[in-house]
Amino acid sequence: MITNEDFDKVLNKLIASTRSPRGKFSAENSWKLLEGKLFARRIKRRFWLRTTSAAAVVLLCVASWATYRALYIEPTQPAPAPMEAPAPTAPESREVMVFRQQPLQEIVDQLSTMFHADIRIEDDSLKNYRMTATFSPNESLTEILNLLKEAGNFDYKQTNKTIIITKLN
């Protein structure tokens, strides 16, 4: 194994054997040049090590953020309490309805309460079909059902005050 002392001896011999016509590569000047080159190499290595470490931290942060966004589920808001006053069919008496990955059964229950209509789901597999939607206060029940129908795999029929949701074949 080569020790630092052995290495220094070899470098000193190498430097002492260097000769140049104008003294540019004398022992003193050669040592300074060699030391400068070694120091520059150390600085470059340190720079790349720090750069790759910073890039790894940035990559880890981006990956963590993306995982959080992919797995985060917003808490659901409780269903609005039924009003005892006038029927909530007038646009000014309703609020924006937001559904985030809620089962169709929950959406239907809220719509039934909101519009005072009897809405039923015939197919059990549709009850757990999850949907995300936002509806403004001025949209009617028919408009909301048509939008949900386009997004989901179902159809509906309305007779009097009863709406029946069925699965498409």
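Here the structure is a predicted model, which is why all the values come from computation and not from measurement. Here, residue 1 is the first one in the sequence, and each next residue gets the next number. Atoms considered below: every heavy atom in the structure, side chains included; atoms not considered: hydrogens, waters and symmetry mates.
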Note, Thr142 side chain near Tyr156 side chain (heavy atom, < 4.5 Å): yes
For Phe99 against Gln110, the heavy-atom pair lying closest together: CE2-OE1, 3.0 Å
Side chain to side chain, Gln105 and Asn128, heavy atoms closer than 4.5 Å: no
Which atom of Glu95 lies closest to which atom of Pro137, heavy atoms considered: C-CG, 4.0 Å
Any donor-acceptor N/O pair, Glu143 side chain to Ser140 backbone, under 3.5 Å: yes
Validation row: Leu111, Met97 side chains within 4.5 angstrom (heavy atoms): yes
Evaluation steps, side chain to side chain contact (heavy atoms under 4.5 Å, CB included), between Tyr129 and Ile107: CA-CA 10 Å; Tyr129 185 76; Ile107 296 172; over 6 Å; no
Backbone N/O of Leu147 and side chain of Glu150: donor-acceptor pair under 3.5 Å: no
Spacing of Ile164 atom CD1 and Asp155 atom CG [to the nearest 0.5 Å]: 11.5 Å
Partner of Arg120 by salt bridge (Lys or Arg N to Asp or Glu O under 4.0 Å), out of Asp118, Asp124, Asp123: Asp118
Within-4.5 Å side-chain heavy-atom neighbours: Ser112 and Val108: yes
Residue pair Gly152 / Met131: nearest heavy atoms and the distance that separates them: N-CE, 3.7 Å
From Ile165, Ile163, Thr166, residue fulfilling side chain to side chain contact (heavy atoms under 4.5 Å, CB included) relative to Ile121: Ile165
Reported CD1-to-CE distance for the pair Ile119 and Met114, which is rounded to 0.5 angstrom: 11.0 Å
